[in-house]
Chemist: 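Pasting in a structure now, in structure tokens, and then I'll have a few things to ask.
Position 1 is the first residue of the sequence, and the numbers go up from there. Only this structure's heavy atoms are used, side chains among them; waters, hydrogens and symmetry mates stay out.
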Amino acid sequence: MSDKSGPTILCATELVVRHNDRYILDHASLSIHEGDRIGLVGRNGSGKSTFLKIIAKELVPDGGEVTQKKDLIVGYLPQTFTLDESLNVLDNVRAGAKRVLDLIAEFESLPGHSNRHEEIEEHIQRMDGWNLDNHIETAMDKLNCPAPDRDIKTLSGGEKRRVALARALIAQPDLLILDEPTNHLDTESIEWLGEFLKSYQGAFLLVTHDRYFLDSITNTIVELANGQFYAYDGNYTEYLIGKAEREASAEVTEHKRQMFLRRELDWVRRGPKAQTSKAKARIDRYFDVANAKVVEAEGDVELVIPPPPQLGNRTAQLVNVGMNLGGRQLFSSINLDFAGGQRIGITGRNGLGKTTLLKILIGQMPPTEGEVQIGQLTKFNYVDQGRLQLNEEKTVLDEISDGTEFVQFGEGKLSLRAYLKRFLFTDDRIVTQVKHLSGGERSRLLLARILKHGGNFLILDEPTNDLDLPTLRVLEEALVVFPGVVLVVSHDRYFLNRVCTGILAFEGEGKVTYSVGDYEYYIEKRKREEKAALEWQRAAAKAASAKPNKSSAPVAQSAQKAKKLSFKEQKELEGMEAAIHAVEANVAKIEKTLADPDFYKKNGAQANVLAGELDVEKEKLAKLFARWEELEAMK
């Protein structure tokens, strides 16, 4: 762990969990210390949620034990949770603070001369219990929870999850365990959650697919693979480097093992001339090495997006599109012309109309303003937020077949079994009933079923929810080389930065803006615009408050002349955005290379050179931003 000198608060030792003949946890051990900020990663189905349930005492392992510090308070947000339907939203959140509320109630019930007053008050102050109502209000607001008086029965799945998350955070346990806390949260809520966890007083262990989130808040990454834990100090980026080094070392070790076995096998086959103790020892060693357990490399999903049919001259176009729903103007005057090769990310808070716009585009809902023009050759493939329902009783093969035995792949065909194997379904899992699949296997099956339909205009609504990190990475790579149009709704900043060539941002109050470039570029651009607007407001307020007089008129006129840009400066300003975008593209390219584990296996010696180039590009970028602000100020 990151602070091994700190006290251990929980220790899982030699845990064993078996599903039929498969080991989910194979004598796995892990310790958690005070101050740990642990991100638990691994493939879906590798046992992450199982492990969380064990240390939260909701599941008993087949073997091993979990010990913890005396009086340790553990808080847990599972993927499948329950809320008290007899209570409203506010009371469900307050229920998370039962420990604090009980202490306050006891404090207020004690007589004034009680010796426990001071002890209880110290506990309350340590948890900032006197400000509990403020903390609850802040958490509910920042997590975009429903109205406090809403009935739980009326909430959607996403709304219930935000309430459950607020309840878990308010509890302030010594060890906070969160299973996919960023699901169903918008970008602003995820950023607030990250800041909350950075300043959290206890330790936390979380499972999330959000790599940007992992990068910013963790000090340890633990990977669960092949039933074992592998701990890496640092954040997600440092984990990728460490994992690449570990796998490279394991590959060298296995190569040496195979070389030894080949040499010894040749010696054994020739037969030792005498059964001496030395010869027996050599034979015994051969069999020990041959029977040694080898850690199998985990396979990657070989995601198949069938080659799309040719796009026409017109793909799809939004012309002054607007939508008024129930008397509320969601958006208006959206103009966007889609073209092949575009990968546009749609982002913004929940409830602003992102999914509504997708439904308007594909014709499921008519706009109240403007029109949608669709090209004759455009074929949509829409992966909706709710996904498709799976038949629990069908096998994986039956669920995807739809009466056919092949998937159309360009001009050729691919058998369903071969297609499913590219989504990491082995022969035995292909004939397994859906009800026996893990959550990750269900997600992969849904993706496989949807993507096999092809199309040249791919629309994905929150595709990153429930996918594991390796599958996400492969999905990103498949989308980047997709020759058609990609339109994706996501709150995953890492995903948006890797995939998107443009961002359509729903900023609230009906405002929707389009920005060329990835999400980081959009954020930088928005910050600059907000800063410029604030400076303009201050200047306008200052000018309005100043009393005009004769002596000030020449000064104002002189200042006006001084601020006028030359022709050369005007041209420089006009090209500044393109120049910044070009440098940012170089930065993104280098960062992508450095984040790729395969790079360190093949070109590890060049890492320092690339890191130096990255510093140079970032310095160039900072100078461009400074010059842009200077020119804007002069203007």
Chemist: How close do D233 and E238 get, counting heavy atoms only, and between which atoms?
Modeler: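 Looking at all heavy atoms of both residues, the closest pair is O-CB, 4.1 Å.
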Chemist: On a heavy-atom basis, which atom in R343 and which in V499 lie closest, and how many Å separate them?
Modeler: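 Smallest interatomic distance, heavy atoms only, reads NE-O, 2.5 Å.
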Chemist: Decide side chain to side chain contact (heavy atoms under 4.5 Å, CB included) for T208 and L178; before the verdict, give the C-alpha distance in whole Å, the side-chain angles of both, and the deciding distance to 0.1 Å.
Modeler: CA-CA 8 Å; T208 179; L178 303 173; over 6 Å; no
Chemist: Closer than 3.5 angstrom, by distance alone: can the side chain of D461 be matched with the main-chain N or O of T355 as a donor-acceptor pair?
Modeler: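 No; zero donor-acceptor contacts below 3.5 Å.
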Chemist: Apply side chain to side chain contact (heavy atoms under 4.5 Å, CB included) to L475 and L479, showing your working.
Modeler: CA-CA 6 Å; L475 174 61; L479 292 177; 4.1 Å; yes
Chemist: Can you confirm whether L206 sits close enough to L214 that some side-chain heavy atom of one is under 4.5 Å from a side-chain heavy atom of the other?
Modeler: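 Yes, close enough: below the 4.5 Å cut-off.
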Chemist: Drop me the distance from I190's CD1 to T182's OG1, to the nearest 0.5 angstrom.
Modeler: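 Taking CD1 in I190 and OG1 in T182, the distance rounds to 5.0 Å.
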Chemist: Heavy atoms, side chains only, cut-off 4.5 Å: are L336 and V321 in contact?
Modeler: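 Contact flag for L336/V321 side chains = no.
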Chemist: Does any N or O in the side chain of N456 come within less than 3.5 Å of the main-chain N or O of G484, such that one atom is a donor and the other an acceptor?
Modeler: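 Pair absent, no side-chain N/O of N456 close to backbone of G484.
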Chemist: Set out, in order, the CA-CA distance, both residues' side-chain angles and the distance that settles salt bridge (charged side-chain N to carboxylate O under 4.0 Å, His left out) for E195 and K198, then state yes or no.
Modeler: CA-CA 5 Å; E195 292 302 317; K198 284 178 185 177; 3.3 Å; yes
Chemist: Looking at A316 and F457, what are the two nearest heavy atoms and their distance?
Modeler: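 Result for this residue pair: CB-CE1, 3.9 Å.
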Chemist: Please give me the minimum heavy-atom distance between K48 and L40, naming the atom from each residue.
Modeler: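 Minimum heavy-atom separation between K48 and L40: CD-O, 3.8 Å.
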Chemist: Once you round to the nearest 0.5 Å, how far does CG of L185 lie from CZ of R162?
Modeler: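 That separation rounds to 7.0 Å.
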Chemist: Taking atom types as modelled, is there a side-chain donor on N335 or N320 under 3.5 Å from an acceptor on the other?
Modeler: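 Their side chains do contain a donor-acceptor pair, which is all the 3.5 Å distance test asks for.
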Chemist: Using the test side-chain hydrogen bond (donor to acceptor under 3.5 Å, both in side chains), find all partners of R167 that sit at least two apart in sequence or belong to another chain.
Modeler: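 R167: no side-chain hydrogen bond (donor to acceptor under 3.5 Å, both in side chains) contacts found.
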Chemist: What are the two closest heavy atoms between F495 and S490, and how far apart are they?
Modeler: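 In this case the closest contact between F495 and S490 is CD2-OG, 4.0 Å.
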Chemist: Is the shortest heavy-atom distance from the side chain of V587 to the side chain of E520 under 4.5 Å?
Modeler: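 They are not in contact (no side-chain heavy atoms under 4.5 Å apart), so the answer is no.
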Chemist: Not counting sequence neighbours, list each pair that qualifies as a side chain to side chain donor-acceptor pair (under 3.5 Å) and has a residue in residues 136-146.
Modeler: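 Found none.
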Chemist: May I ask you to test the I344-V485 pair for a side-chain heavy-atom distance under 4.5 Å?
Modeler: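 Contact flag for I344/V485 side chains = no.
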Chemist: Rounded to the nearest 0.5 Å, what's the gap from CG on N183 to CD on Q79? Could you check?
Modeler: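 The CD atom of Q79 is 7.0 Å from CG of N183, to the nearest 0.5 Å.
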Chemist: So, taking the atom named CG in L352 and the one named CD1 in I346, what distance separates them when rounded to the nearest 0.5 Å?
Modeler: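 Between L352 CG and I346 CD1, I get 12.0 Å after rounding to 0.5 Å.
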Chemist: Please assess L487 against F338 for the test side chain to side chain contact (heavy atoms under 4.5 Å, CB included), listing each intermediate value before the final yes or no.
Modeler: CA-CA 9 Å; L487 189 60; F338 298 97; 4.1 Å; yes
Chemist: Which heavy atom in G35 sits nearest to a heavy atom in A203, and how many Å separate them?
Modeler: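 Looking at all heavy atoms of both residues, the closest pair is N-CB, 4.1 Å.
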Chemist: Is it true that a side-chain atom of K354 and a backbone atom of R349 form a donor plus acceptor pair closer than 3.5 Å?
Modeler: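 Confirmed, K354 side chain pairs with R349 backbone.
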Chemist: Tell me, yes or no, whether the heavy-atom count around E530 atom CD, taken from other residues, nucleotides or ligands under 6.0 Å, exceeds 12.
Modeler: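 Counting other residues, nucleotides and ligands, CD of E530 exceeds 12 neighbours.
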Chemist: Are E191 and R493 close enough for a salt bridge, meaning some N to O gap below 4.0 Å?
Modeler: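 Answer for the salt bridge query: yes.
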Chemist: Are E617 and K620 ion-paired here, with the side-chain N under 4.0 Å from a carboxylate O?
Modeler: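 A salt bridge links E617 with K620.
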Chemist: Kindly say whether T315 contributes a backbone atom to a donor-acceptor pair with the side chain of T378 at under 3.5 angstrom?
Modeler: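 Side chain of T378 to backbone of T315: a pair is present.
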Chemist: Say you draw a straight line from CZ of R37 to CG of L197; how long is it, rounded to the nearest 0.5 Å?
Modeler: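 Answer for the CZ-CG pair, R37 versus L197, is 8.0 Å.
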Chemist: Does a side-chain heavy-atom distance below 4.5 Å link Y236 with T218?
Modeler: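 No, too far: nothing below the 4.5 Å cut-off.
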Chemist: What I'd like to find out is whether the side chain of T187 reaches to under 4.5 Å of the side chain of Y519, using heavy atoms alone.
Modeler: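 Yes - at least one pair of side-chain heavy atoms lies under 4.5 Å apart.
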Chemist: Taking atom CD of Q329 as the centre, report whether more than 12 heavy atoms of other residues, nucleotides or ligands fall under 6.0 Å from it.
Modeler: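 Yes.
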Chemist: Does a sphere of radius 6.0 Å around CZ in F204 hold more than 12 heavy atoms from other residues, nucleotides or ligands, not counting ones at 6.0 Å or beyond?
Modeler: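 It does: F204 CZ has more than 12 such atoms within range.
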Chemist: When you compare the side chain of V222 with that of L205, does any pair of heavy atoms fall below 4.5 Å?
Modeler: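 L205 does not reach V222 side chain to side chain.
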Chemist: What's the verdict on side chain to side chain contact (heavy atoms under 4.5 Å, CB included) for Y521 and D518, showing C-alpha distance, side-chain angles and the deciding distance?
Modeler: CA-CA 5 Å; Y521 179 68; D518 61 18; 3.5 Å; yes
Chemist: Side-chain contact, heavy-atom cut-off 4.5 Å: V163 with V93?
Modeler: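 SC-SC contact between V163 and V93 confirmed.
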Chemist: Rounded to the nearest 0.5 Å, what separates atom CD1 in I360 from atom OG1 in T368?
Modeler: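 If I round to the nearest 0.5 Å, the distance is 7.0 Å.
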